[in-house]
Amino acid sequence: MSEPDPILVVSDLNVSLASGKRMTPILREVSFALRPGEILGIVGESGSGKSLTASAIMGLLEPPVRIVSGAVAFKGRDLAALDEKAVRAIRGNEIAMVFQDPAMSLNPLLRIETQMVESIVAHDRGCSRHAARERARAALETVGVPAAAKRLRAYPHELSGGMRQRVSIAIAMLHSPAVIIADEPTTALDVTIQAQILDEMTQLCRKNGTALIWISHDLSLLSSFADRICVMYAGRVIESGPCGEVIGAPRHPYSRGLILSVPAMARAGKDIEPIPGYPPRVGMVPSGCAFRPRCHRASPACAVQPPLQTVASQQSAACFHPFDDKLQVPA
Amino acid sequence: MIEQTDTAALTLPPNPARRPVYEDLLDFLRDPVAAVAAFVFLVIIMLAIAAPWIAPQNPYDLASLNILNSGLPPGSSSLTGGVYLLGTDSQGRDLLSAMLYGLGISLAVPFASVLIALVVGVTVGLVAAYSGGRLDTLLMRLVDFQLGFPPVLLALVILAVSGPGLGKTTLALATAYWAVFARLVRGAAQSERQKEYVVAARCLAIPAHRIMFRHILPNVISPLIVVGALEWGACVSLEATLSFLGLGSPITRPSLGMLIANGLSYIMAGRYWVSIYPGILLMSVVLCINILGDRLRECLNPRFKA
Amino acid sequence: MTMQISATAIVKRYGSQPGPLTRLAGRLNFTVEPKLVQALNGVSIDVRPGEVLGIVGESGCGKSTLGRVLAGLESPDEGSLTYEGRTLAELDRRERKTVQLASQVIFQDPWASLNPRWRIRQIIGEAPLVHGLVERRDLARHVTAMLTQVGLTEDYLDRFPHELSGGQRQRVGIARALAVSPRTLICDESVSALDVSIQAQILRLFRRLRNDLGISLVFISHDLSVVHNLSDRIAVMYLGRIVEIGTAQQIYEAPSHPYTQALIADAPRLSTQRRSFSVIRGELPSPYAPPSGCAFHTRCPKAFERCRLDVPATIATEPGRTVACHLYEEATIPA
């Protein structure tokens with residue numbers, strides 16, 4: 001089976017925070033590729049740079065944060081090199097984003113209908129308002145909004161958190177984007193609602209061949225639906241590979257520690273094995289391997305940043321002392 | 001095992017040293033308008049404090065006045081040989097001296113009343129917010145009632161009944177302004193009261209007065225400082241208004257407002273200086289306080305910061 | 001066995017009864033937003049000495065309210081509470097204070113739960129000093145001992161909260177509670193706001209405190225996997241009621257109530273294989289207008305006619321295990 005060409009390639013992306021003349025790097029050499037229809041999970045703790053990666057891809061970085069070097073290539077075109085107008089045409093149409101807080105994409109003063117119809121008409125000028133309304137209703141139904149016609153007339157505040165998030169997903173999917181970037185879209189929701197939305201969204205993406213980047217701090221959530229997983233730490237991708245491999249046989253000590261920190265990994269009543277210490281703050285990242293001070297496998301060699309290198313067929317890790325055994329993970 | 005987690009937690013992240021105060025001050029003065037206002041205001045304050053030593057004449061000493069010196073234009077020589085830089089008023093008083101002395105009253109009386117209003121308003125607001133229920137309703141209706149009157153009207157009525165005087169003016173101004181602080185503190189304290197650190201203090205059975213004054217108050221103080229500064233400016237104007245109407249400072253100790261009023265009837269006679277110079281000084285004072293208050297708001301409110 | 005805290009048939013309402021104007025508007029066919037929420041609807045639960053009691057449920061189920069009632073921060077509208085066998089009414093003022101100090105809350109948000117203007121020394125030292133538990137000259141030693149107990153050092157004494165990370169702040173919050181020697185810690189989503197690796201550290205700390213100090217923990221969370229890891233017993237709540245109580249093992253491996261089953265099936269679980277979700281459909285009903293009968297019947301895959309009409313009684317199916325569901329009521333009727 002030949003792999004299709006990637007639709008989105010992020011290569012050697014470096015993002016820095018400029019304060020005066022000082023540049024504080026916050027993303028370093030981030031690289032990954034996304035194939036059509038693939039679900040990529042990006043996992044990391046707060047400050048790991050996972051949300052920033054999404055903003056960088058979407059061109060949503062605001063000064064003083066800016067891309068220093070590297071490229072984000074969508075369908076072979078470098079987004080960083082395009083002008084503002086061209087980027088805007090791609091953003092929202094071909095690459096859409098779903099935020100943790102639906103308030104980011106919904107205007108509280110307008111009815112759902114107005115927001116959706118305007119988006120449709122702006123994109124497709126030939127579309128009549130009546131047809132646009134029909135499309136909006138259909139879009140809501142596909143993401144599992146019951147009584148869609150009635151919900152269209154509602155204002156965002158009249159809907160529950162789960163419904164609002166469904167609406168913002170429907171809006172993101174309106175123009176059948178090739179890529180959707182979802183930044184913790186279910187973190188604020190209840191478990192049962194999260195499960196419903198997750199189910200509907202992944203099914204839709206698989207059906208339409210939409211590639212999905214799902215950013216989360218929750219490794220157990222990602223492990224149940226992602227095709228591939230990137231683990232980020234202190235602004236770097238430190239491990240990436242197919243989901244089963246990364247979860248079942250994590251190579252990097254940090255990924256392994258993260259998996260062992262998941263409460264379900266410890267039997268009930270047994271202690272969890274936590275990673276010692278705290279993640280570094282932005283701007284105070286240790287030299288060399290950033291995980292070094294918390295890592296019990298660290299050696300003097302780790303004072304130099306290990307490159308992200310292939311450790312198994314499709315799995316790569318940035319570590320000089322990677323693990324090579326499997327973990328006991330309940331299937 | 002346990003040791004491992006414990007030593008893990010030992011690593012105290014290195015923290016940036018606490019910002020020294022002078023950096024905050026430099027930050028405050030970064031805005032050129034604020035820097036100029038701060039400079040002017042500093043000069044004004046120093047003039048007011050130094051008045052007894054630098055004023056050419058003691059305007060309160062009636063014996064030193066000579067009616068023959070009345071209404072002299074700026075720059076005239078006095079009978080005794082001195083120069084009236086800003087001229088004299090209708091009683092032959094050196095206007096510059098009268099202004100320097102009046103300046104102190106115009107600043108100090110409103111300052112004292114804002115302080116009193118702050119203490120009363122903060123206490124009422126904190127008690128209302130913390131106790132809630134009926135007491136809250138009662139106190140806040142009182143505040144609403146008070147705010148329903150324009151401050152000028154309220155102060156006018158009080159002074160019309162009690163008669164002029166510095167102490168009375170101070171109290172009248174405080175009465176006119178405490179409600180503003182009560183309302184402000186109550187709003188801020190109510191949102192603060194919901195925060196978990198206050199709930200934690202309640203859970204730890206910390207006495208109510210301690211929670212109000214030691215936990216909540218320090219966390220609502222920065223909007224208070226800003227509003228206090230701006231109210232000081234408003235209070236200076238109000239005091240001038242009252243004195244202008246003859247209700248504020250007594251005739252023997254005129255504030256800037258009264259000086260303006262004194263000169264008003266002579267403006268048409270061409271003796272513009274008696275009103276204009278105190279007027280300019282009063283305007284500079286209020287303007288400086290407002291500019292500094294606004295700048296304080298910008299500096300204390302993180303939302304305005306870049 | 002004397003229970004640490006025992007709550008019986010607790011009812012707690014928030015908001016107000018509709019006033020005359022609102023009732024009039026309702027009668028005139030205007031839509032009136034209901035304002036009264038029954039946050040707790042007859043909840044009975046015991047906290048045993050030295051146990052970890054987990055309370056799980058989704059938003060609006062009343063778990064936080066229950067925590068606040070147990071901590072003495074809210075007084076219930078109906079029902080009774082006893083602390084070590086005694087009600088508050090039997091106690092004098094000093095005893096009441098002792099009872100109040102015996103249950104301390106560990107909060108969710110480590111950024112809001114510490115007074116931003118105070119140093120760590122003051123934050124931890126205030127309560128013991130105010131209540132005269134420690135002499136002023138011994139205070140520094142006491143505070144340092146508390147810091148050590150939660151895995152911090154005396155280097156933190158003169159820091160301000162904003163200088164610490166989330167995990168460190170949460171440790172300070174725990175030290176503050178421990179400083180008054182509580183018998184029960186009520187942890188309301190205490191690890192939800194933390195990163196996974198830090199969450200694991202704090203869970204471990206809680207377990208150690210229970211083992212070393214013998215205090216009870218009431219561990220409230222929406223995250224079943226966290227609760228399961230730490231708890232001896234688990235209570236599952238839905239819309240103001242406890243639907244099931246059992247040991248952690250019983251609840252996790254053989255849940256009885258359909259809601260518990262759904263909660264476990266939908267909880268994210270680490271796995272190397274893809275799996276599907278979503279056993280139950282539908283939204284959480286508004287707590288302002290809870291469904292009739294069993295509150296879960298609108299989403300329950302096993303609901304039948306009776307569930308719409310009657311509120312199920314809480315029945316014991318095994319020793320130490322109760323469930324409120326009509327399915328089991330039928331089952332226990334002797335043939």
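Letters A, B, ... are given to chains in the order of the sequence lines, protein chains preceding strands, and every chain is numbered from 1.
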C/S216: which residues meet the side-chain contact (heavy atoms from CB on, under 4.5 Å) condition with it, sequence neighbours left out?
C/Q4, C/V47, C/T184
Sorted by number, residues from residues 191-200 of chain C in contact with chain A (heavy atoms, under 4.5 Å):
C/D195, C/V196, C/S197, C/I198, C/Q199, C/A200
More than 12 heavy atoms of other residues, nucleotides or ligands under 6.0 Å from CD of A/E141: is that the case?
yes
Considering only heavy atoms, which portion of A/Q194 lies under 4.5 Å from any heavy atom of chain C: side chain, backbone, both, or neither?
side chain
Most heavy-atom pairs under 4.5 angstrom with chain C, which of A/L258, A/D218, A/D227?
A/D227
Could you tell me which non-hydrogen atom of A/V191 sits nearest to which non-hydrogen atom of C/E58, and how far apart they are?
N-OE2, 3.7 Å
Which residue pairs pass the salt bridge (charged side-chain N to carboxylate O under 4.0 Å, His left out) test with at least one member in residues 148-164 of chain A, sequence neighbours excluded?
A/E113-A/R153
Heavy atoms only: give me the nearest A/P276-C/Q201 pair and the separation to one decimal.
C-NE2, 3.6 Å
Looking at A/Q203, A/R294, A/E245, which makes the most heavy-atom pairs under 4.5 Å with chain C?
A/R294
Hits for side-chain contact (heavy atoms from CB on, under 4.5 Å) against A/A318, two or more places apart or cross-chain, chain-then-number order -> A/Q305, A/L308
Return yes if a side-chain donor-acceptor contact under 3.5 Å exists between C/D266 and A/T192, otherwise no.
no
A quick test of your reading: do over 12 heavy atoms of other residues, nucleotides or ligands sit less than 6.0 Å from CD of A/Q100?
yes
